[in-house]
**Student:** 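To start, I am sharing the structure in question, which I have written as structure tokens.
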Amino acid sequence: MSTHTVTHLLLVGTYTTELPHVRGEGSGVYGVLFDSNSGRFCEQAPSSSSSKAHLLSVCENPSFLITASLCQADASVDHTVVLVAHEQERGDGHVSVYDSEALLSAASAQDCAAEHSTATLVDPLLMCSSHGVHPCHLSAQPLATTEDAIATGMGTAEPSSPTSTLLVRVANYAAGTTSPGSSAEFHLSITGTHTDTDTDIATGTGTHTGRCTTSSITPCALRMDHVRTRVLGEKGSGVVASRQAGTHAHFNLPLPQRKGVALVDLGTDRVLCYAQDSDHLLTQWTMPPGSGPRFAVLNAAHRLLYVALELSSEVAVCPLDEDRILQRLSTLPAANSTASTVAHIAQVGHLLLLSNRGHDSVCVFRIDPASGLLSFVRTVPSGGTEPRHFEVVDQRWLLVANQNSNLLCVYRVDQLEGDLDVDSGHASLPTLIDQISVPTPVCITPLQCP
């Protein structure tokens, strides 16, 4: 009995320039084909005996990528778009939008091409300012309809419903006290209908960067309109002077239970919850001084927030309805003496995972099914150095982007807790299933191949 092969195109963002915190060696967005049955990277051409990452789009510092679904105004055609945040060496950052079909086509063409053939590169459909400095995170929520978006400002639809308008939020980290952190909000929409001619794309406040003839969205009008920017105060309040002299927006998290959105501010050790349709501050969660909150995960079933504390290498568990901390746990082993900071956080079933840069590991917590509270399981090696980001594919495979060793590494999720070895009394480490070289990888997002 044959097994149906499930292949994903992993889109990998890279740093391309030298910034204060990294020396980028990449050239833009790369693509890697991944077999979800075996957990291995696919061979890139019939004559090849090894896997290779291919450059799909040349751009500056694509440091965060997400996918979102967007349909025609008449709901006749559904598209998957890829949104990318670009850090710039100077001035405001950028947000660009790609058509997933164009990226998949380019990856397929390179997969079948000879080793020295000319690469097929993809241009974004549009690009606009992020309305802030150093954009570091993106989120997207569907709006019910364009009319509803205009009438209510921020009315949201059910996540599964098709939408012709997305609410896109960008966290702008900023730098120092002269450029405070901010969260910019946009409406991304497809307007117009299919035609038989290849027309330019009307982009509203976005900037069209050229024709992309492989894009299924090309005959439509795609626009991205700036709605508002929430600017944090100029002065930070943290005790880590080198990182908390100013406010630093690092993450946006929609909180439908509070009818708001949480904005994580590393510079003031706070998570701020704003009303979704105004700048009214609903509530906040205060983190320990100098802890530097970076990302957060919502446990809706238990009404809890899991907050990744970058600077103190910890995770905080907070009730959704109160400004207090129920738990505060280290992401490092008790005997650790290595300087380290937390980078990414994600929930995978009954596990909560966080990556440690410096210790170069992934910390595994078990979530109590009754209370939602955490218990430390262990840390496992990341397979390289500076694990800035990771992605879980099909709930089976953990893929870690090791920024400073230029490696993507694959592990099985069901091996993260470990089986106890009877002789040694220790849990066995997960097996490294596969790895592939990508220059300065900082973010992974998967697209399922047709």
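Throughout, residue positions are numbered sequentially from 1 according to the sequence presented.
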**Student:** So, Gln244 side chain and Val239 main chain: donor-acceptor pair closer than 3.5 Å or not?
**Tutor:**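 Judged by distance alone, yes, a pair lies under 3.5 Å.
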
**Student:** Looking at His131 versus Phe186, is the centre-to-centre ring distance below 6.0 Å?
**Tutor:** yes

**Student:** Would you say Thr331's side chain and Ser313's backbone share a donor-acceptor pair under 3.5 angstrom?
**Tutor:**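 Present.
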
**Student:** Are the charged groups of Arg412 and Asp414 less than 4.0 angstrom apart, N to O?
**Tutor:**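 Yes, this pair counts.
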
**Student:** Glu185 and side-chain hydrogen bond (donor to acceptor under 3.5 Å, both in side chains): which partner among Gln276, Arg230, His226?
**Tutor:** Arg230

**Student:** Going through the distances and angles, do Glu322 and Arg324 end up as a salt bridge (Lys or Arg N to Asp or Glu O under 4.0 Å)?
**Tutor:** CA-CA 6 Å; Glu322 298 178 65; Arg324 66 188 182 100; 2.8 Å; yes

**Student:** Angle class for the His21/Tyr15 ring planes (parallel below 30°, perpendicular above 60°, tilted otherwise)?
**Tutor:**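 Rings of His21 and Tyr15: perpendicular, as their planes differ by over 60°.
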
**Student:** Sort out for me which residue in Val392, Asp434, Val393 forms a side-chain contact (heavy atoms from CB on, under 4.5 Å) with Leu399.
**Tutor:** Val393

**Student:** Output, in order, the C-alpha distance, side-chain angles, deciding distance and verdict of side chain to side chain contact (heavy atoms under 4.5 Å, CB included) for Leu305 and Val317.
**Tutor:** CA-CA 6 Å; Leu305 280 180; Val317 183; over 6 Å; no

**Student:** Using a strict threshold of under 4.0 Å (side-chain N to carboxylate O), is an ion pair present between Glu417 and Arg378?
**Tutor:** no

**Student:** Going by heavy atoms in the side chains, are Val307 and Trp285 under 4.5 Å from each other?
**Tutor:**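 Contact flag for Val307/Trp285 side chains = no.
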
**Student:** Taking the ring of Tyr274 and the ring of His280, is the distance between their centroids below 6.0 Å?
**Tutor:**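 Not under 6.0 Å, so no.
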
**Student:** Going by the rule ring-ring contact (aromatic ring centres under 6.0 Å, His included), which residues pair with Phe390 if we only count those two or more places apart in sequence or in a different chain?
**Tutor:** His344

